[in-house]
Amino acid sequence: RKEVEQDPGPFNVPEGATVAFNCTYSNSASQSFFWYRQDCRKEPKLLMSVYSSGNEDGRFTAQLNRASQYISLLIRDSKLSDSATYLCVVDLAGAAGNKLTFGGGTRVLVKP
Amino acid sequence: DTGVSQNPRHKITKRGQNVTFRCDPISEHNRLYWYRQTLGQGPEFLTYFQNEAQLEKSRLLSDRFSAERPKGSFSTLEIQRTEQGDSAMYLCASSLVGSPLHFGNGTRLTVT
């Protein structure tokens with residue numbers, strides 16, 4: 001089992017619709033969680049951190065489920081510009097400290 | 001611009017040659033990470049530093065790869081005797097402990 005896993009997609013989403021996807025992680029001691037967005041052939045850019053109580057930033061909502069060890073990202077009122085790969089990042093606590101590990105990414109395609 | 005800087009942006013080399021990449025992190029960040037990314041995959045962890053100490057190196061990394069951060073500021077990643085399978089985007093990121101990663105533009109390596 002991979003340490004951080006995502007459904008690769010693609011998720012084909014009509015413009016204006018809502019889409020949600022998850023990221024599962026293996027280490028129950030993980031403390032830090034982030035969602036990044038990556039456009040083709042560009043570096044990842046931070047979308048939002050994920051807090052224990054869940055958090056929202058405009059049309060984006062992130063949730064953490066510690067019991068089932070996953071985080072989620074929900075995008076409301078999808079825009080064409082939301083088309084991208086969404087990467088989750090989780091710290092994997094180890095003996096030397098917490099290394100930040102990526103999932104494989106979920107590709108989202110928003111269509112008119 | 002005080003973001004993360006990587007050089008060179010592109011590198012084309014022949015199989016068997018050595019290459020070295022440089023990363024200048026955000027100055028107040030004590031953590032520095034190296035990742036490798038191939039098309040359609042999420043960034044794969046290579047190694048990371050806290051100040052000048054290398055805390056962890058991926059088991060996937062062969063002995064041909066070495067990274068340094070001699071004064072706790074910039075870092076170099078060297079690949080010896082390059083192979084075609086080393087062709088990838090090499091991403092550097094920096095952060096404070098527990099905080100999100102800030103990425104450079106990456107170095108795209110092509111081994112012919």
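Chain A is the first sequence line, chain B the second, and so forth, proteins listed ahead of strands; every chain is numbered from 1.
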Q: Heavy-atom pairs under 4.5 Å with chain A are the metric here; pick the option from Ala93(B), Pro100(B), Gly106(B) that has the most.
A: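 Result: the option with the highest number of such pairs is Pro100(B).
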Q: Among all residues two or more places apart in sequence or in another chain, which pass the side chain to side chain donor-acceptor pair (under 3.5 Å) test with Glu68(B)?
A: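 Partners of Glu68(B) by the side chain to side chain donor-acceptor pair (under 3.5 Å) criterion come out as none, since no residue qualifies.
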Q: I need the residue from Gly98(B), Gly42(B), Pro43(B), Gly40(B) with the largest number of non-hydrogen atom pairs under 4.5 Å to chain A.
A: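 Highest number of heavy-atom pairs under 4.5 Å: Pro43(B).
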Q: Minimum heavy-atom separation for Trp35(A) to Ala62(A), with atom names?
A: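 Minimum heavy-atom contact is CD1-CB, 4.1 Å.
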Q: Go through the structure and list residues passing salt bridge (charged side-chain N to carboxylate O under 4.0 Å, His left out) with Lys79(A), not counting sequence neighbours.
A: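 Asp77(A).
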Q: Who wins among Gly104(A), Pro44(A), Ser32(A) for the most heavy-atom pairs under 4.5 Å with chain B?
A: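 Greatest number of close heavy-atom pairs with chain B: Pro44(A).
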Q: Examine whether an atom of Leu91(B) lies under 4.5 Å from a heavy atom of chain A, and if so say whether it belongs to the side chain, the backbone or both; otherwise answer neither.
A: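 The answer is the side chain of Leu91(B).
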Q: Would you mind checking which part of Gln38(A) comes under 4.5 Å of any heavy atom in chain B, side chain (CB onward), backbone (N, CA, C, O), both or neither?
A: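 Side chain of Gln38(A) only, per the 4.5 Å heavy-atom cut-off to chain B.
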Q: One thing to verify: whether Arg15(B) and Asp86(B) come together as a salt bridge, which I'm taking to mean a side-chain N less than 4.0 angstrom from a carboxylate O.
A: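 Result for this pair is no, no salt bridge flagged.
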Q: Below 4.5 Å from any heavy atom of chain A, which atoms of Gln50(B) appear? Answer side chain, backbone, both or neither.
A: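 It is neither, since no heavy atom gets under 4.5 Å.
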Q: Quick one: what part of Leu100(A) sits under 4.5 Å from any heavy atom of chain B, side chain, backbone, both or neither?
A: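 Contact with chain B is through both the backbone and side chain of Leu100(A).
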Q: Please lay out, stage by stage, how Tyr35(B) and Tyr90(B) fare under the test ring pair (Phe, Tyr, Trp, His ring centres under 6.0 Å).
A: CA-CA 6 Å; Tyr35(B) 293 88; Tyr90(B) 289 83; over 10 Å; no
Q: Taking side chain as everything from C-beta outward and backbone as N, CA, C, O, which of these in Arg41(A) sits under 4.5 Å from a heavy atom of chain B? Side chain, backbone, both or neither.
A: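 Its backbone and side chain both get close to chain B.
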Q: Within 45° of the six-membered ring axis of Phe60(A) and under 6.0 Å from that ring's centre, is NZ or CZ of Arg76(A) located there?
A: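 Arg76(A) over Phe60(A) ring: no.
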